[in-house]
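Just so we're on the same page: letters track the sequence lines, and every chain starts at 1.
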Protein chains: 2
Amino acid sequence: MAANSRLTIAVHALAWLALAQRQGRDQLTSDQVAASVNTNPVIIRRSLGDLRRAGLVSVRHGPGAGWSLARPPEEISLEEVYDAVERDPLFGMHHTEPNLECPVGKGIRPALGSIYGGAEQALRRELARTSIADVLRQTLRAG
Amino acid sequence: MAANSRLTIAVHALAWLALAQRQGRDQLTSDQVAASVNTNPVIIRRSLGDLRRAGLVSVRHGPGAGWSLARPPEEISLEEVYDAVERDPLFGMHHTEPNLECPVGKGIRPALGSIYGGAEQALRRELARTSIADVLRQTLRAG
DNA sequence: CTGGCTGTAACGTCATCTGTTACAGGAGGT
DNA sequence: ACCTCCTGTAACAGATGACGTTACAGCCAG
C-alpha cells in the first residue's frame with residue numbers, strides 16, 4: 001500500500017497538542033503544529049479537520065485561536081484516530097469485475113470481503129490498546 | 001491507503017489453482033488465470049512471480065506449461081501471501097524529517113515504529129488463521 | 001471594525017498501480 | 001536441433017491519489 005502517512009501526521013499533531021496542554025498552552029495554531037511536523041499548515045488543517053469531525057479535537061476562531069484536545073489524551077485511542085483519517089478499506093477488491101462464469105470468480109468477492117473484515121477488526125483491536133497519552137509517553141522516552 | 005488489490009489478485013489466482021488441481025488440471029497458464037480474474041495475463045505473471053519467489057507456486061516452461069501450487073492449499077496461509085506481494089509497511093512515516101528541536105518531533109518516529117510493528121503483527125496473526133483451502137471453501141459456498 | 005487564524009478550493013508535482021504491447025529466453029515434443 | 005508455446009520482463013500510457021503550495025472567503029475575540 002501505499003505508504004500512507006495520514007495516521008502518522010494525525011498522531012503527531014495529537015501528541016504535540018497533549019504535550020502543549022500539559023505545559024499550560026491550551027491552544028496551538030496550525031502553524032505551530034506544522035513547525036513540529038515540518039510540513040505545510042494546510043496539511044495540518046486538513047488532518048485536524050478530520051479529527052474535529054470525529055470529535056477528537058476542538059477549534060477556536062479569531063485571534064488567539066487554535067486547536068486543543070476535545071478529550072483527555074488517555075481517552076483518545078489510535079483506533080479512533082485511524083477511523084477519523086483513513087477512509088478506504090485496507091485491501092481493495094478487483095478493479096474489474098471477475099469472470100462470473102468461473103466458480104472462483106463468482107464467489108471470491110464476498111468470501112474475501114468477510115476475511116478482510118476480520119483482518120481489519122484485528123488491526124483496530126490492536127490500535128485500540130494504545131492511547132495518545134501512551135504515544136506521548138513512549139515518544140518522550142525515545143527522544 | 002490506496003485501495004491496493006494485489007492481495008486480492010494473488011489469492012484469487014491461488015484459489016483458482018487449488019480448484020483446478022482438485023479437478024485434475026495440474027497446470028494453468030497465465031492466460032487461463034487471467035480469464036477468471038478478468039485482467040491482463042502480464043498482471044497475473046507479475047503476481048504469480050512474487051508468489052514463486054516466495055515458494056508458494058512453481059512454474060513449468062515450454063508447451064503444456066503453466067503454474068501449479070507448490071504446497072497443498074491447506075498449508076498456504078494468507079499471511080504468507082501477504083508477505084509475498086506486499087512490500088511496503090502498512091503505515092508510512094513523515095515524508096520530511098520532523099523538527100528535531102521539538103520533543104515530539106524528536107521521539108515520535110521510534111515510538112510510532114514500535115506501535116505500527118505491533119499493529120502489523122496483529123494483522124498478520126489474523127491472516128495466518130486463514131488458508132487458501134479456507135478461501136476456496138468459502139468462495140464455493142458463496143458462489 | 002480589524003487582525004489573525006481557520007476552512008477549503010484550485011492547481012502542480014510526484015509516486016504508484018493497472019493495463020498494454022513487445023520481445024528475449026527457456027523447455028518439452030518431434 | 002528445431003518449433004512452438006509460454007514465461008519473464010522491460011517500456012510506456014493512463015488513472016488515481018497524496019503531498020505541498022497559493023489564494024481567498026469566513027469567522028470571531030478584542
Side-chain angles (χ1 to χ4, degrees), chain A residues 1-10 12-13 17 25-35 37-54 57-68 70 85-99, chain B residues 1-10 12-13 17 25-35 37-54 57-68 70 85-99:
Chain A
M1 183 127 283
N4 188 340
S5 67
R6 278 214 294 260
L7 185 61
T8 294
I9 303 292
H12 186 146
L17 285 180
R25 306 167 71 188
D26 277 353
Q27 322 277 339
L28 287 181
T29 68
S30 57
D31 272 42
Q32 292 170 318
V33 177
V37 180
N38 190 19
T39 183
N40 193 285
V42 174
I43 305 293
I44 300 299
R45 282 184 226 143
R46 286 205 275 246
S47 178
L48 287 175
D50 287 337
L51 300 177
R52 176 178 53 76
R53 276 181 283 276
V57 300
S58 58
V59 63
R60 251 183 41 195
H61 280 235
W67 306 84
S68 55
V85 300
E86 215 73 43
R87 4 178 133 336
D88 292 333
L90 203 49
F91 301 116
M93 287 294 167
H94 312 65
H95 281 199
T96 66
E97 179 170 80
N99 182 356
Chain B
M1 152 139 339
N4 187 341
S5 67
R6 278 213 293 256
L7 184 61
T8 295
I9 303 292
H12 186 147
L17 286 181
R25 307 167 69 187
D26 276 354
Q27 321 275 340
L28 288 181
T29 69
S30 57
D31 272 41
Q32 293 169 317
V33 177
V37 180
N38 190 21
T39 185
N40 194 286
V42 174
I43 304 293
I44 300 299
R45 281 185 227 144
R46 286 206 274 245
S47 177
L48 287 176
D50 287 338
L51 299 176
R52 175 178 53 76
R53 277 181 282 276
V57 301
S58 57
V59 65
R60 252 185 38 198
H61 281 233
W67 306 84
S68 54
V85 300
E86 216 72 44
R87 1 178 135 336
D88 292 332
L90 202 50
F91 301 116
M93 287 293 168
H94 312 66
H95 281 201
T96 65
E97 180 170 78
N99 182 356

Nucleotide dC19(D), atom P - distance to CE of Met93(B) in whole Å | 14 Å
Provide, to the nearest angstrom, the distance between the CZ atom belonging to Phe91(B) and the C1' atom belonging to dA18(D).
-> 16 Å
Given dG7(C), is OP1 or OP2 found less than 4.0 Å from the side-chain N or O atoms of Arg53(A)?
-> no
Atom CH2 of Trp67(A) to atom C1' of dC5(C): distance rounded to whole Å?
-> 10 Å
When rounded to the nearest 0.5 angstrom, what is the spacing between CH2 in Trp67(A) and CG in Leu28(A)?
-> 11.5 Å
Distance from Ile9(A) atom CD1 to Leu51(A) atom CG, nearest 0.5 Å?
-> 11.5 Å
Please list each protein N or O that sits under 3.5 Å from an N or O in nucleotides 26-30 of chain D, with the distance.
none

Measure the CD1-OG1 distance between Ile44(A) and Thr29(A) for me, rounded to the nearest 0.5 Å.
-> 10.5 Å
Roughly how far apart are Met93(A) CE and Leu7(B) CG, rounded to 0.5 Å?
-> 9.5 Å
Thinking salt bridges, do Arg87(A) and Asp50(A) make one under a 4.0 Å N-O criterion?
-> yes
Any donor and acceptor pair, going by atom type alone, linking the side chain of Asn4(A) with main-chain N or O of Phe91(B) inside 3.5 Å?
-> no
When the distance from CG of Leu17(A) to P of dT6(C) is rounded to whole Å, what number comes out?
-> 11 Å
Has Thr29(A) got a side-chain N or O lying under 4.0 Å from the OP1 or OP2 atom of dG4(C)?
-> no
From Ser47(A) atom OG to His12(A) atom NE2, the distance as rounded to the nearest 0.5 Å | 11.0 Å
Using a cut-off of 4.0 Å on non-hydrogen atoms, how would the nucleic acid contact of Arg87(B) be classed: base, sugar-phosphate, or nothing?
-> nothing
Output the single nucleotide from dC19(D), dT7(D), dC17(C) whose closest atom is nearest the side chain of Ser30(B).
-> dT7(D)
Using whole Å, report how far CG of Asn4(B) lies from P of dT16(D).
-> 16 Å
To the nearest angstrom, the CG-P distance between Leu28(B) and dC6(D) comes to 12 Å
Counting only non-hydrogen atoms, which of residues 40-48 of chain B are less than 4.0 Å from DNA chain C?
-> Asn40(B), Val42(B), Ile43(B), Arg46(B)
Between atom CZ in Arg52(B) and atom P in dG26(C), what is the gap in whole Å?
-> 13 Å
Length of the line joining Gln27(B):CD and dG26(C):C1', which is rounded to integer Å | 15 Å
Rounded to the nearest 0.5 Å, what's the gap from CD on Gln32(B) to CD on Gln27(B)? Could you check?
-> 10.0 Å
His95(B) side chain, from C-beta outward: closest of dT6(C), dT18(C), dC19(D) = dC19(D)
Could you check Arg52(A) against Ser58(A) for side chain to side chain contact (heavy atoms under 4.5 Å, CB included), going step by step and ending with a plain yes or no?
-> CA-CA 6 Å; Arg52(A) 176 178 53 76; Ser58(A) 58; over 6 Å; no
